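A quick write-up on the structure given underneath.
The structure displayed is predicted, hence computed values, not measured ones. Within every chain, numbering begins at 1; the chains are lettered A, B, ... in the order of the sequence lines, protein sequences first and strands thereafter.
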There are 2 protein chains.
Amino acid sequence: MKQAKKKIFQEFIAAKGLKSTRQRDIILDVFLSSDRHLSIEELYLKLRAKHPGIGYATVYRTLKLFAESGIAREIHFGDGQTRYEHLAAGEHHDHLVCTGCGTIVEFENEAIEQLQDEIAAGYGFLIKNHKLELYGLCAKCRG
Amino acid sequence: MKQAKKKIFQEFIAAKGLKSTRQRDIILDVFLSSDRHLSIEELYLKLRAKHPGIGYATVYRTLKLFAESGIAREIHFGDGQTRYEHLAAGEHHDHLVCTGCGTIVEFENEAIEQLQDEIAAGYGFLIKNHKLELYGLCAKCRG
DNA sequence: GCCATAATTGAAAGTGATTTTCAATATACA
DNA sequence: TGTATATTGAAAATCACTTTCAATTATGGC
Ligand SMILES: [Mn+2]
Ligand SMILES: [Mn+2]
Ligand SMILES: [Zn+2]
Ligand SMILES: [Zn+2]
């Protein structure tokens, strides 16, 4: 899993004529062993703990590359921070976000995806991607 | 329709101990007579055309109040600009966004909303609001 | 290995959108 | 009216990135 993503990234790097660097390896390692939905800031702090030399700009740049290579996806939950989550090829899911404690639940629903396509088709649209986020309170936070 | 929203906003202002001002009236007027999904910048420029004295900060602040009062909703289509659309109480819709020309189609789908509730319930969540955006190419842009 | 070439890096400066500050001004209501 | 309080616009500040640039590092060919 981790290895598969590392391989995909290495191949992406090679195919683009980019270089494999110590920093990219470290960032990928830490990223893949992190919780999903980490903000860039959170990942940066986590990185700094073990690898003090890594620059902010490098983290930003590298996460973009992860997304471009297909091993990660950029997400925005409306709090002004960009987050990245690791994602396998062909995988897709949507999110349930607790506005109380920040808990995030991932779900997939084929019926909704189907309906989305039908709606789009009805308006003549060809859908490339979509964003579905449900915000509310989790069981704990409902009190 | 416009009058109803004006009334709601006036009541909101009064209930909060805020004041009714010339600027708020003007901004509300221009906002309500504008296309939906205008960015703050676009609205600001439109305002400046007839009312050169209005400040940027006032527009930002006032739009926030509109959203808080329930007559408007803040939206983000991922282009880094905040937009506001006017919305009547109890009204809800989602968006289809053409990434080619920027066209936005609004739609409602009861079946999807229903499924969302079921999913949320399945995870013990109580949904407060949601965001569903379908991105792709409109009929024209598909070429 | 050693070199030339091109990509990468970190620090710092720059951006763009939005927010805050603050002194002047306007509103509400006694 | 008068007075307390909210509001305003301009400018400065903030926030989350993004770009610049000189120094450093990978890579591929000898
Ligand atoms: Mn996720
Ligand atoms: Mn809309
Ligand atoms: Zn919660
Ligand atoms: Zn289009």
Side-chain angles (χ1 to χ4, degrees), chain A residues 6 9-31 37-69 72-84, chain B residues 6 9-31 37-69 72-84:
Chain A
K6 286 188 180 179
F9 187 62
Q10 289 316 324
E11 286 170 1
F12 168 82
I13 285 294
K16 275 243 170 184
L18 305 181
K19 289 169 181 173
S20 172
T21 69
R22 196 175 54 80
Q23 287 88 337
R24 287 179 180 162
D25 286 350
I26 291 170
I27 297 171
L28 181 52
D29 234 20
V30 173
F31 175 63
H37 321 116
L38 236 53
S39 71
I40 301 176
E41 173 81 14
E42 287 164 342
L43 185 67
Y44 173 70
L45 292 176
K46 202 171 165 193
L47 274 161
R48 290 296 291 222
K50 288 214 180 235
H51 309 275
I54 289 194
Y56 220 95
T58 302
V59 176
Y60 270 87
R61 291 188 278 231
T62 304
L63 285 170
K64 282 221 158 113
L65 285 180
F66 290 171
E68 208 185 329
S69 76
R73 177 166 66 142
E74 194 180 313
I75 41 187
H76 297 270
F77 287 142
D79 60 355
Q81 305 243 139
T82 297
R83 287 158 199 284
Y84 282 88
Chain B
K6 286 188 182 180
F9 187 62
Q10 290 315 325
E11 286 170 358
F12 168 83
I13 285 294
K16 275 243 170 184
L18 304 181
K19 289 169 177 172
S20 172
T21 69
R22 196 174 55 78
Q23 287 88 335
R24 288 177 178 163
D25 287 350
I26 291 171
I27 297 172
L28 181 51
D29 234 21
V30 173
F31 175 63
H37 320 116
L38 235 52
S39 70
I40 301 176
E41 172 81 16
E42 286 165 343
L43 185 67
Y44 172 70
L45 292 176
K46 202 171 166 192
L47 274 160
R48 291 293 293 221
K50 287 214 180 234
H51 310 274
I54 290 195
Y56 221 96
T58 301
V59 177
Y60 271 87
R61 290 188 279 233
T62 305
L63 286 170
K64 282 224 156 107
L65 286 179
F66 291 171
E68 209 185 327
S69 76
R73 176 166 66 143
E74 194 179 313
I75 41 185
H76 296 271
F77 287 143
D79 60 355
Q81 306 244 141
T82 297
R83 290 158 197 284
Y84 282 88

### Query
Which part of the nucleic acid, if any, lies within contact of B:Gln81, taking any heavy atom under 4.0 Å across all strands shown: a base, the sugar-phosphate backbone alone, or nothing?
sugar-phosphate
### Task
Between B:Gln23 and B:Lys64, just flag the one whose closest nucleotide in DNA chain C comes earlier from the 5' side.
B:Lys64
### Summary
Between A:Tyr44 and A:Leu65, whichever has its closest DNA chain C nucleotide further toward 5' is A:Leu65
So [Y] and [X], do their side chains get closer than 4.5 Å, heavy atoms only?
X: B:Leu65; Y: B:Phe9; answer: yes
X: B:Val59; Y: B:Glu41; answer: no
X: A:Gln23; Y: A:Thr62; answer: no

### Message
Between P on D:dC17 and CZ on A:Arg83, what's the gap in Å once rounded to a whole number?
### Response
10 Å
### Message
Tell me whether the rings of B:Tyr56 and B:Tyr44 are parallel (<30°), tilted (30 to 60°) or perpendicular (>60°).
### Response
tilted
### Message
Measuring centre to centre across the rings, with the benzene-like ring taken for any Trp, is B:Phe66 within less than 6.0 Å of B:Phe31?
### Response
yes
### Task
Residues of residues 11-21 of chain A with any non-hydrogen atom less than 4.0 angstrom from an atom of DNA chain D: list those, numerically ordered, please.
A:Lys19, A:Ser20
### Task
Check B:Arg48 against B:Ile54 and note the closest heavy-atom contact, atom names and distance.
NH1-O, 3.0 Å
#### Entry: Distance-minimising heavy-atom pair for A:Glu42 and A:Arg83
OE1-NH1, 3.8 Å
### Message
Below 4.0 angstrom, which residues in residues 45-61 of chain B have at least one non-hydrogen atom near DNA chain C?
### Response
B:Tyr56, B:Ala57, B:Tyr60, B:Arg61
### From B:Leu43 atom CG to B:His37 atom NE2, the distance as rounded to the nearest 0.5 Å
14.0 Å
### Message
Just verifying a value: how many Å separate B:Leu38 CG and B:Thr82 OG1, rounded to the nearest 0.5 Å?
### Response
12.5 Å
### Message
Going 5' to 3' along DNA chain C, between which two nucleotides do contacts with chain B fall, using a heavy-atom cut-off of 4.0 Å?
### Response
C:dA17 to C:dA28
### Message
Does A:Arg22, at its CZ atom, have more than 12 non-hydrogen atoms belonging to other residues, nucleotides or ligands within less than 6.0 Å?
### Response
no
